[in-house]
Amino acid sequence: MVPTYGGREQAGAVPKRIIAFLNAPTNRTLARGGMTAGNTNFGEHYCLADPVISRKCGVPDLYRFDLVGTQCDVDRVNADLDLSWKRTGGPDRVPNKHRRTA
C-alpha cells in the first residue's frame, strides 16, 4: 500500500522511499499486489503510483482509495485480503493489529 503525493507525471508518481524499498530484490519479490491512497483532486494523476509499481513489479493493481478511505473501503479491502489469504494458504484472517478500523 503506497501513498501518491500528486506526481504530475509517471516519473514523479512513486515516492522515493518506495522506489528505494522496491529496488531491493528481496522486497520486490515479496510484492503480491498494490493499493494506493490518493486525492481525487489530482485528476488524471489520482493514485498513479500503483499502476506504475504494478507494471514494474508484475503484480496486480488491487485497489485505489481517496484520502484515508471510507469504512466501505476498509471493509472491502479486509474482505478481499481474507479471501486472497485463504486462497494462497495464508492466515485465515488478517490479524486485528493490522486491520484499520474507522
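Just so you know, residue 1 is the first one in the sequence shown, and it goes up from there. Everything numeric here is computed off the predicted structure, so don't read it as measured data.
- By the criterion of side-chain heavy atoms lying less than 4.5 angstrom apart, applied directly or through intervening Ile, Leu, Val, Met, Phe, Trp or Tyr residues, V52 is grouped together with F21 in one hydrophobic cluster.
- Each salt bridge (charged side-chain N to carboxylate O under 4.0 Å, His left out) pair with one or both residues in residues 16-39, not counting sequence neighbours, would appear here, but there are none.
- Closest of all the heavy-atom pairs between C47 and A37 is SG-C, 3.8 Å.
- Listed by first then second residue, pairs satisfying salt bridge (charged side-chain N to carboxylate O under 4.0 Å, His left out) with a partner in residues 61-70 read D61-R64, not counting sequence neighbours.
- Remark: I18 engages V2, V14, P15, L22, I53 in a side-chain contact (heavy atoms from CB on, under 4.5 Å) (not counting sequence neighbours).
- Under a 3.5 Å cut-off, the side chain of D73 and the backbone N or O of T70 do form a donor-acceptor pair.
- Distance CG/L48 to OG1/T36: 9.0 Å, rounded to 0.5 Å.
- In terms of hydrophobic clustering, with Ile, Leu, Val, Met, Phe, Trp and Tyr side chains grouped at heavy-atom distances under 4.5 Å, L62 and F65 are assigned to a common cluster.
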